[in-house]
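Below is one structure; the comments refer to it alone.
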Amino acid sequence: MAAAATATATNRRVILKEYVEGYPREEHMELLPGAEVPLRLTGDEPPGSVLVRNLYLSCDPYMRPRMSRPLRESYTSAFVPGAVITGYGVARVLDSSDPRLAPGDLVWGITGWEDYSVVRPPAAALLAKISHHGGEGGVPLSYYTGILGMPGLTAYVGFHEICAPKAGETVFVSAASGAVGQLVGQFARLAGCRVVGSAGSAEKVELLRTRFGFHDAFNYKEEPDLAAALRRCFPEGIDIYFENVGGAMLDAVLLNMRAHGRIAVCGLISQYNLKDGEKDAVRNLSAVVAKRLRLQGFIEPDHKHLYPKYEAWVLPYIRDGTLAYVEDVAEGLESAPRALIGLFHGRNVGKQLVRVADDAEAGA
């Protein structure tokens, strides 16, 4: 008897067409029409590979440097023009040669901007099984692109592990309404700190004050003097700064830090779309010495071992409503390029993600 034919599906892909200089545009990416792909591994993949149906894709600022021509060493590799864009996502396992994962499992980790992905080692080994979705106490799958994914662990590590807050300290968060910033502000409040955030619109400032519980917030676009704005908000100085922006904001913060303050450098989004000769200089770096500041850059992959600790700590706060989390969800793979570009123009309100397929496809 002839073997049954392997089922197939149409797989669309978003590729990077060319390296980017300056601000990315939708034309720099392309949604390729679907090609038929098998819904099982073919056996040609390396051991430990996993075939997944992508459900949610995460749009993150760190993806912008990956769109540039690789001119220097970086902590993450550049995208390859003509190849599918990759990033964090949530998916359902369809087939697996990884003994940790079985068909039907839900996972989060690095996947492709496409309907279906074959995730190969070493990325496949970093796919994390989702065990807190559905049923009593379950959380939305989309949260694993944010509060329960890379941005959540980033906020936790930067604030709790690097900045080591003490009750009563003052905390400033830039890009405070984004995926990471909204969490840092709430973590600071839970730690008994006074927290102020900056954002780029009146709507986002109101969100910081009313939804996320920041003690104060300001629109940086309406402040002619950022250093003066920070003095107004922190008359006695800043103990902790969670850095997402860089440039003029970092320079202003350095003037307003208190002695022995801590700065966790998570990202520098104001610099990502500037050419090398256009990037902002840091003019107040002498404050690091004068004020004995600790300024530390970090990336989430270095701290994966802390995820179980973080997950156990944060889940009760999510379930009882202590922590709010706002998502900006774009619908359909075709919307992914515009959603990613929107990050660099401040169009998103909250965590930007793309829904590729309905939760029902995950058996929700």
Side-chain angles (χ1 to χ4, degrees), residues 14-17 19-31 56-68 74-76 78-79 85-90 110-113 142-147 149-152 154-155 158 173-185 197-201 203-205 207-208 212 219-221 242-247 249-250 265-275 279-280 299-300 325-356:
V14 177
I15 65 166
L16 180 71
K17 293 174 64 177
Y19 288 124
V20 176
E21 289 188 1
Y23 279 85
R25 303 185 304 275
E26 288 188 58
E27 307 92 83
H28 287 122
M29 293 170 272
E30 183 179 2
L31 176 66
Y56 293 95
L57 301 175
S58 179
C59 296
D60 297 299
Y62 84 92
M63 298 173 73
R64 170 59 189 89
R66 300 190 69 191
M67 301 173 80
S68 297
S74 177
Y75 68 88
T76 186
F79 295 135
I85 290 172
T86 58
Y88 284 94
V90 172
I110 297 294
T111 186
W113 277 32
S142 58
Y143 276 23
Y144 286 88
T145 67
I147 188 171
M150 180 273 289
T154 298
V173 185
S174 56
S177 68
V180 174
Q182 61 174 284
L183 293 175
V184 175
S198 65
S201 72
E203 176 189 10
K204 292 178 181 180
V205 167
L207 192 67
L208 295 179
F212 301 138
N219 182 348
Y220 71 89
K221 294 180 180 178
F242 199 99
E243 169 67 296
N244 291 306
V245 171
M249 184 65 81
L250 175 58
V265 183
C266 171
L268 303 167
I269 194 171
S270 72
Q271 307 301 296
Y272 292 161
N273 297 300
L274 303 179
K275 299 176 183 179
K279 294 185 186 298
D280 294 322
I299 58 173
E300 181 261 358
Y325 200 65
V326 171
E327 298 176 312
D328 193 327
V329 183
E331 295 292 343
L333 184 62
E334 63 279 3
S335 69
R338 176 174 171 78
L340 178 60
I341 290 167
L343 289 179
F344 308 108
H345 297 280
R347 291 201 295 255
N348 61 300
V349 178
K351 166 62 188 170
Q352 183 67 68
L353 64 142
V354 177
R355 192 192 336 257
V356 179

Q) With sequence neighbours left out, what residues match Glu30 under salt bridge (Lys or Arg N to Asp or Glu O under 4.0 Å)? A) none
Q.
Quick one about Ser142 and Glu327 (side-chain donor to acceptor, distance below 3.5 Å, no hydrogens or angles considered), yes or no?
A. yes
Q.
Glu243: which residues meet the salt bridge (Lys or Arg N to Asp or Glu O under 4.0 Å) condition with it, sequence neighbours left out?
A. none
Q. Residues in side-chain contact (heavy atoms from CB on, under 4.5 Å) with Thr145, at least two apart?
A. Tyr56, Ser58, Val90, Lys351, Leu353
Q.
If the condition is side-chain contact (heavy atoms from CB on, under 4.5 Å), which residues does Lys279 pass it with, not counting sequence neighbours?
A. Gln271, Leu274, Asp276
Q: Go through the structure and list residues passing side-chain contact (heavy atoms from CB on, under 4.5 Å) with Ala155, not counting sequence neighbours.
A: Val180, Leu183, Val184, Phe187
(Q) Between Thr86 and Trp113, is the side chain to side chain contact (heavy atoms under 4.5 Å, CB included) condition met? List the steps. (A) CA-CA 6 Å; Thr86 58; Trp113 277 32; 6.0 Å; no
Q: Answer yes or no: does atom CD of Glu26 have more than 12 heavy-atom neighbours from other residues, nucleotides or ligands under 6.0 Å?
A: yes
(Q) If we ignore hydrogens and angles and just use 3.5 Å, is the side chain of Ser270 paired with the main-chain N or O of Val245 as donor and acceptor? (A) yes
Tell me which donor-acceptor pairs under 3.5 Å the side chains of residues 335-349 have, and how far apart each pair is, sequence neighbours excluded?
| unit_1 | atom_1 | unit_2 | atom_2 | d |
| --- | --- | --- | --- | --- |
| Ser335 | OG | Glu331 | O | 3.1 |
| Ser335 | OG | Gly332 | O | 2.6 |
| Arg347 | NH2 | Arg338 | O | 3.3 |
| Asn348 | ND2 | Gly350 | O | 2.9 |

Q | Test log, rule side chain to side chain contact (heavy atoms under 4.5 Å, CB included), inputs His28 and Tyr23 | A | CA-CA 10 Å; His28 287 122; Tyr23 279 85; over 6 Å; no
(Q) When you measure from the side chain of Gln182 to the backbone of Val326, do you find a donor-acceptor pair of N or O atoms at a distance under 3.5 Å? (A) yes
